[in-house]
Amino acid sequence: NRCGAPLASPGSPAERAGMAGHESPMSAKDLSAFLATAQTASGPAPAALQGLIAQVAEVCASIATLVAGGALSGALGSRGTENVQGEVQKELDVISNDLLLNGLHGSPNLSGMASEEMDDIHPTAEQGPYLLLFDPLDGSSNIDVNVSIGTIFSVLPAKGGAPKTEHFLQPGSAQVAAGYVVYGPQTTLVLTLGAGVFVFTLDPASKAWLQVAENVRIAADTKEFAINMSNMRHWAQPVRAYIDDCLAGKEGPRGKDFNMRWVASMVADVHRIVSRGGVFMYPWDKREPGKPGKLRLMYEGNPMSFVVEQAGGRSIAGDAGRMLDVQPTQLHQRVAVILGSANEVTAIEGYA
Ligand code: P6P
């Protein structure tokens, strides 16, 4: 099923507006009903995982309300502090992080959390079976200009006992679940538990997460790439050559014209790719040659790559091989990201 192709329109706004020609809605499944029968890679979703995902989704529904209120919720602007990345924190970065911490600290399903906005791990009240990692509000540069932003989350198995930083340093292939929420024209949750990708839209009226797509597949081929072109002079030669060939269009070696998109919110760019194919690139560049890339492995690269692979796409850490095989050494380590339509990622590999 293509992402966003409605499985149902349960009294959708158009329905409520009485628009003519709306086919009769199926009864859309809400998130808890989905979770109750959801499968993981190794069988039915355990109750603790169902509970954790429901708790994360509940907090994200609160973040959605704040985001939608913008200046009205006093949530815009910068806090004037810096996070571990050395980036200025936006009000909403900190508020979203606090909402997730407070909302999940007492969860019996968790042993600990880690966040882009926090230097160290956060042990939770109980020693539950999972670890949660997140970028609470990705796309900060877009917060104040009303462009889609999002929350990215990753679930790893806990190691038992009090959580330690090294317990979080598991490769992406160890993820039990991952997903993201796009706070955009719709508020949409995209989720995988290791057995397919499922999409839920937050119903503005009922605040329920209603399923709108199942077993989403990313088109294997594409004519659309997402990269920040202003960095072109800093890229390694193979990336430069690939983009040059895309820009050469029909007359060039690719034999087709390409389109470009760059929202500068990873969640928005990835959601477009999950929805209609494409390739997303944040490659190494020589501005900070000691860093493999700008994006973070544990709570951006890995969760997005789990979703993309579960939807039939591919994700590589630049020239360092499959993203989900990267063995982390630091909680906030960065990584080059090339992900999306499988055949296009393979084509890019051919330029190495
Ligand atoms: P640039 C947002 O700050 C982010 O972490 C990703 O969401 C996004 O893809 C990237 O950085 C944008 O980076 O250098 O284009 O502003």
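Positions are given from 1, in the same order as the sequence printed here. Start at 1 and go down the list; that is how both ligands and their atoms are numbered.
Each of the following atoms of ligand 1 lies closer than 4.0 Å to a heavy atom of F280: 9 (O). The ligand atoms of ligand 1 that sit less than 4.0 angstrom from a heavy atom of E300 are 5 (O). Annotation for ligand 1: atoms under 4.0 Å from non-hydrogen atoms of N228 are 1 (P), 14 (O), 15 (O). Atoms of ligand 1 lying under 4.0 Å from at least one heavy atom of M266, given by number and element, are 6 (C), 7 (O), 8 (C), 9 (O).
Cluster annotation: Y130 is not connected to L169 through the hydrophobic network of ILVMFWY side chains, with a link wherever side-chain heavy atoms come within less than 4.5 Å.
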For side-chain hydrogen bond (donor to acceptor under 3.5 Å, both in side chains), just list the numbers for Y180 and D138, CA-CA rounded to whole Å, side-chain angles, deciding distance to a tenth of an Å, and then say yes or no. CA-CA 10 Å; Y180 60 84; D138 175 72; over 6 Å; no
Derivation of the salt bridge (charged side-chain N to carboxylate O under 4.0 Å, His left out) call for R314 and E349: CA-CA 11 Å; R314 288 194 63 208; E349 277 181 321; 2.7 Å; yes
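The aromatic rings of F258 and F225 lie tilted to each other, with the angle between the two planes from 30° to 60°. The aromatic rings of H122 and H105 sit perpendicular, their planes meeting at an angle over 60°, well past the 30° parallel limit.
Nearest protein heavy-atom contact of atom 10 (C) of ligand 1 is K294 NZ, 3.9 Å.
At least one heavy atom of R296 sits less than 4.0 Å from an atom of ligand 1.
There is a side-chain donor-acceptor pair under 3.5 Å between S115 and N97.
Looking at ligand 1, you'll find an N or O of Y282 within less than 3.5 Å of one of its N or O atoms.
At a 4.0 Å heavy-atom cut-off, ligand 1 does not touch V267 at all.
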